[in-house]
Amino acid sequence: MYLFTRHRRPEPSQLAAATGWFTEAIHQVREATGKDASGWSTVLSPSAGTCIGAVWVEHLEELEQMFDKLRVSHEYQELVARSAGLFNGPLDDSVVHIIHGDRARTKPEYVLMHRALPANGKMREAISIGVDAAQMHERITGVPVAFGTGMSGPFGECHWIAAFNTIGDLEQAETALNTSAEWPELIDRMGPLFAETSVASATSTIARRMA
């Protein structure tokens, strides 16, 4: 199982137009490819308002076929042309190979994503304890967590994705973790296994569904 994501950061002065365009683009991707693409916007997080398109696939060949279809879709290409001036910077794509778990919920309203980069020489241990952390999170909160490693971007980066029906469910899960005696102990054990100097070594992001 793989999770493909594409990030685009709206031009601040064009936020409403950019998010409207992005929602339309997600629907067009679904229509052109038949894939269950979803659209998200980061909230209460760094780079707030960033638009994220996401697709889950069993095999990388499905992504190849999806982009081949979009490349020849006249409607999609016209839509892309209309995005000029709405976003800042280049497209930012990533693929995560899921090692543990799956899509936690069919149509979650929120997702909480954590990223951490293993220290040099610690990848095997980092991945092992990463799975342990996902399983402990599930046991303490009752919320399934998908865990995987990045195939692109920072080499070996670990990703955790938890999905919630409401912002209240997210808050309840965080409270359960923060009041658990075993969770902080596990986090402390994880510390030496991950890089200290990388900006991406410990990043948490909340995103809300747009489409």
Side-chain angles (χ1 to χ4, degrees), residues 1-96 98 103-115 146 148 150-154 157 159-167 169-170 199-200 203-211:
M1 174 69 73
Y2 300 88
L3 173 63
F4 168 81
T5 59
R6 169 167 288 180
H7 296 64
R8 297 204 73 181
R9 188 168 186 178
E11 164 63 38
S13 64
Q14 299 292 329
L15 182 59
T19 53
W21 178 93
F22 189 75
T23 300
E24 185 178 354
I26 293 297
H27 289 298
Q28 184 60 46
V29 169
R30 292 175 187 162
E31 183 175 334
T33 68
K35 288 297 181 185
D36 187 21
S38 58
W40 305 82
S41 178
T42 57
V43 296
L44 309 175
S45 304
S47 299
T50 298
C51 297
I52 306 172
V55 178
W56 295 82
V57 297
E58 289 289 343
H59 304 286
L60 294 176
E61 185 179 18
E62 297 174 57
L63 292 176
E64 179 183 61
Q65 294 169 352
M66 183 183 77
F67 284 110
D68 285 345
K69 291 178 180 178
L70 292 175
R71 192 173 295 113
V72 299
S73 169
H74 179 70
E75 293 81 6
Y76 180 76
Q77 293 303 325
E78 281 193 337
L79 188 63
V80 170
R82 286 170 40 205
S83 69
L86 298 180
F87 296 91
N88 285 326
L91 300 176
D92 186 6
D93 290 355
S94 71
V95 177
V96 176
I98 301 300
R103 281 178 281 190
R105 301 183 191 278
T106 304
K107 296 289 184 181
E109 181 71 12
Y110 286 88
V111 291
L112 175 61
M113 300 167 286
H114 301 294
R115 297 184 298 134
M151 293 187 61
S152 56
E157 187 175 50
H159 296 250
W160 295 262
I161 306 108
F164 305 87
N165 287 329
T166 69
I167 191 77
D169 291 340
L170 191 157
V199 172
T203 303
S204 299
T205 305
I206 299 170
R208 186 176 186 181
R209 178 181 291 274
M210 297 168 56

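For reference, positions follow the sequence shown, starting with 1. Hydrogens, waters and symmetry mates are skipped; everything else that's a heavy atom, side chains included, is used.
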Pairing residues for Tyr76 by the ring pair (Phe, Tyr, Trp, His ring centres under 6.0 Å) criterion, not counting sequence neighbours: none

Results of side-chain contact (heavy atoms from CB on, under 4.5 Å) for Ala37 - residues two or more places apart only: Ile26, Val29, Arg30, Val55

Below 4.5 Å, heavy atoms only, C-beta onward: do Phe164 and Pro108 meet side chain to side chain? no

Please check if the side chain of Ser73 supplies one atom and the backbone of Lys69 the other of a donor-acceptor pair under 3.5 Å. no

Checking Phe22 now: which residues fulfil ring pair (Phe, Tyr, Trp, His ring centres under 6.0 Å) with it, not counting sequence neighbours? none

For the residue pair Trp56 and Phe4, is the inter-centroid distance of their aromatic rings smaller than 6.0 Å? no

Gap between atom NE2 of His27 and atom CG of Leu79 - 0.5 Å precision: 11.5 Å

How far apart are the closest heavy atoms of His114 and Ser204, and which atoms are they? ND1-OG, 2.6 Å

Could you list all the salt bridge (charged side-chain N to carboxylate O under 4.0 Å, His left out) pairs where at least one residue sits in residues 44-65, not counting sequence neighbours? Lys35-Glu62

Atom pair OG (Ser41) and CD1 (Ile206), whose distance is rounded to the nearest 0.5 Å: 12.0 Å

Taken in chain and number order and not counting sequence neighbours, the residues that satisfy salt bridge (Lys or Arg N to Asp or Glu O under 4.0 Å) with Glu109 are Arg208

Taken to the nearest 0.5 Å, the spacing of Asn165 CG from Leu170 CG works out to 11.0 Å

Gap separating the CD1 atom of Ile161 from the CG atom of Leu112, nearest 0.5 angstrom: 10.0 Å

Salt bridge (charged side-chain N to carboxylate O under 4.0 Å, His left out) contacts in which one or both residues fall within residues 74-85, not counting sequence neighbours: Glu24-Arg82

Tyr110: which residues meet the ring pair (Phe, Tyr, Trp, His ring centres under 6.0 Å) condition with it, sequence neighbours left out? none

Straight-line distance of Tyr2 OH to Leu63 CG, nearest 0.5 Å: 9.5 Å

Qualifying residues under side-chain contact (heavy atoms from CB on, under 4.5 Å), relative to Thr5, sequence neighbours excluded: Leu3, His7, Ile52, Ala54, Ser94

Rounded to the nearest 0.5 angstrom, the OG1-CG distance for Thr166 and Asp169 is 3.5 Å

State, with a plain yes or no, whether a side-chain heavy atom of Met151 is found less than 4.5 Å away from one of Leu60. yes

Could you tell me whether the side chain of Trp21 reaches within less than 4.5 Å of the side chain of Pro10, counting heavy atoms only? no

My understanding is that only residues two or more places apart in sequence, or in another chain, count here; which of them pass side chain to side chain donor-acceptor pair (under 3.5 Å) with Ser38? Trp40

My understanding is that only residues two or more places apart in sequence, or in another chain, count here; which of them pass side-chain contact (heavy atoms from CB on, under 4.5 Å) with Thr205? Thr42, Ser45, Met113, Thr203

Any donor-acceptor N/O pair, Arg209 side chain to Gly39 backbone, under 3.5 Å: no

Qualifying salt bridge (charged side-chain N to carboxylate O under 4.0 Å, His left out) pairs, either residue in residues 4-14, two or more places apart: Arg6-Asp93

Any residue meeting side-chain contact (heavy atoms from CB on, under 4.5 Å) with Gln77, in chain and number order, not counting sequence neighbours: none

Please report the shortest heavy-atom distance between Asn88 and Pro12, naming the atom on each side. ND2-CD, 3.6 Å

Under the side-chain contact (heavy atoms from CB on, under 4.5 Å) rule, what do Met210 and Thr19 come out as? Steps first, then yes or no, please. CA-CA 8 Å; Met210 297 168 56; Thr19 53; 3.8 Å; yes

